[in-house]
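One structure is given below, encoded as C-alpha cells.
Each chain gets a letter, A, B and so on, in the order the sequences are listed, and its residues count up from 1. Given the structure is predicted, the values throughout are model-derived calculations rather than measurements.
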There are 2 protein chains.
Amino acid sequence: MDEILIFLLKQGAHRAPFRISTTVIGKELDMSQQNASRRMILLEREGAIKRSSTGLTITESGLRTLNEFHNELKNALEWKVERLEFTGTVIDGLGEGEYYIKKYAKKLKENLGYIPYFGTLNVKLGPGEMQKRSRLRLIEPIIIEDFEEDGRKFGGLFLYKCRIKDIEGAIVIPMRTHHGMDVLEIVSKEKLREKLGNKRIKITLV
Amino acid sequence: MDEILIFLLKQGAHRAPFRISTTVIGKELDMSQQNASRRMILLEREGAIKRSSTGLTITESGLRTLNEFHNELKNALEWKVERLEFTGTVIDGLGEGEYYIKKYAKKLKENLGYIPYFGTLNVKLGPGEMQKRSRLRLIEPIIIEDFEEDGRKFGGLFLYKCRIKDIEGAIVIPMRTHHGMDVLEIVSKEKLREKLGNKRIKITLV
DNA sequence: ATTACTAAGATTCGAGTAC
DNA sequence: TGTACTCGAATCTTAGTAA
C-alpha cells in the first residue's frame, strides 16, 4: 500500500480537497521533492488521486483501495473463530487414501468414534477460500500423533470434524502436508465420492 | 508496511507457529523464492518475525507494528469530528503579528466579534499532535478572503475559534501558510503571552 | 514560490546455483 | 525437498536544473 496515499488519507484528502506541495509531502515522508512529485504522478495515473486548482482529492477508486486494505488488516487482527464453511470441487485423488485409512483405522476410530469409509475425498478449494483455509490452523484440532506399525512410520494428522450435506466427516491435514494449500482431504462414514460426483460441495466445520 | 508481514498475519502467524516455505510465500505474493527468502531474513533481523523448528511466528514487536499501522488507517478512515484539543509549548514569534493584526483588525472584528490583542501567540505542537493538526482541515473554518488595502495585498485566513484556559481566542491559519505544520498561531482578546509565559498550554476548539 | 524532467546513484529483484 | 548466496537486470530515489 502506497505510503503517500496513506499520508494523504491521514490529512483527510478523502473528505475535502487539500492543498499540499510535493516539497511538504517529501519532507513529511522523508523523501525528496522530486520523488514525491514522481509518485504523485503515478498515483494520479492509477486514478487513486486527482489534482485540480482547488487542491488534491483521493478518488472513489483510491478510497476503495484503502478501505479494502484496511478491512483485510482488520479481519486478520480482529478475527474471531466463527462458523467456517468451505466451498470447493471434488477432484480425483491418487487412490492412496484407501491404504492410509486402513493403516490409520484404529487411531481414527479412537478419535472420531468410527472407522471412515476406505477412501478419501479430495476437494479443491475455490480461489476465495484460501484465506479461510489458513484459519483452520487457529481452530483446536483433534491430533493423531506420529506412530509406528510393523516397522513403518506414519506421520501425525490434524483432524477437524465437519459435515458435508449432513454426512459426518473430518478434514484431514497431515502434519507434514503433501497437498497444496488449496486441496482439502476429507474422510467420512459414508462413501462420499459416489454420492457427490465431480461437483461443487460445501464443507461445514462442526 | 511490509507485504510479507501482512501476508503472514493473514495466515494467523501471530496466533500459532506457522510452517511455510519461502517458495510458497513467493508464489502467493507473486515474487521469486529468492526475494521472499531475502525479505524474510530482513524481517527476522528487524525482529518482526522469529523462525524456529516449530515454525514461524510474528513477534510481539512485529504485531505491535502491525497494530499501530492498522490503528492509523482506522483513525483516518473512521474518524468523526469530536472535540479537538492541542497541547504545545509557547515559542517566540517573529514579532510581525502586531503589524498583521492591525491590518486584519477590521476583518477579524467582523468575523470573531472582537479585535484581538495586537500580537499573536505561537505554539509549537508536541510530536503526537501533528496528526490532530491535520484534522483541523476537516472542520468548517471561518474564512477571511484575500483583500487589498492601500495597494498592498493580504492573503486570506482560516480561523478556528478556540479557548486557552477559558480565554477566548482563535487559531489563525494563513491560506498560503508560512509556518510549518507544527506551529499554531493564536489570536485572542487578552494578552496571552504575558499570562502564559514559555510553557505548555492546552488549546481547545469550540 | 511551484512541478517535473534527466542522469546518476542506491536499492530491490530474479536467475542461476550451492548446500 | 528446503534456504540463501552471487551477480546482472530492473526499479526506485536523489541531485541538479528547467520551466
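Taking only side-chain atoms of A:Arg39, from C-beta outward, the nucleotide of D:dG2, D:dT13, C:dT3 with the closest atom is D:dT13. Counting only heavy atoms from C-beta on, B:Ile41 has its side chain closest to D:dA4 among D:dA4, C:dT2, D:dT3.
At D:dG2, none of the side-chain N or O atoms of B:Arg51 fall inside 4.0 Å of OP1 or OP2 (strictly under the cut-off). Side-chain nitrogen and oxygen atoms of B:Ser37 include none within less than 4.0 Å of the OP1 or OP2 phosphate oxygen of D:dT3. OP1 and OP2 of C:dT12 both lie 4.0 Å or more from every side-chain N or O belonging to B:Asn35. Not one side-chain nitrogen or oxygen of A:Arg38 sits closer than 4.0 Å to the OP1 or OP2 atom of C:dT6. Regarding contacts with the backbone of D:dT13, every side-chain N or O of A:Ser32 stays at 4.0 angstrom or more from both OP1 and OP2.
Side-chain N/O atoms of B:Gln33 and base N/O atoms of C:dG14 include no donor-acceptor pair closer than 3.5 Å.
The distance between atom CD of B:Gln34 and atom C1' of D:dT3, rounded to the nearest whole Å, is 10 Å. Atom P of nucleotide C:dT11 and atom CG of B:Leu42 are separated by 12 Å, given to the nearest angstrom. D:dT3 atom P lies 12 Å from atom CD1 of B:Ile4, rounded to whole Å. Nucleotide D:dA4 holds its P atom 10 Å from the CZ atom of B:Arg45, rounded to whole Å. In this structure, B:Lys27 places its NZ atom 9 Å from P of D:dG2, rounding to the nearest Å. When rounded to the nearest whole Å, the span between CE of A:Met31 and C1' of C:dT3 equals 16 Å. Between the CZ atom of B:Arg19 and the P atom of D:dT1 there is a distance of 17 Å, rounded to whole Å. Protein atom CD1 of A:Ile25 is 14 Å distant from nucleotide atom P of D:dT14, rounded to whole Å.
For A:Lys103 and A:Phe154, the positive end is not near the middle of the six-membered ring at less than 6.0 Å and at most 45° from its axis.
When all heavy atoms are compared, the tightest approach of B:Asn111 to B:Lys161 is O-CE, 4.3 Å.
Heavy atoms of other residues, nucleotides or ligands lying less than 6.0 angstrom from CD of A:Glu60 number 12 at most.
Counting non-hydrogen atoms under 4.0 angstrom, A:Met40 reaches nothing in the nucleic acid.
B:Gln33 and B:Thr22 share a side-chain donor-acceptor pair at under 3.5 Å.
Taking CG from A:Leu121 and CD1 from A:Ile186, the interatomic distance works out to 6.5 Å, rounded to the nearest 0.5 Å.
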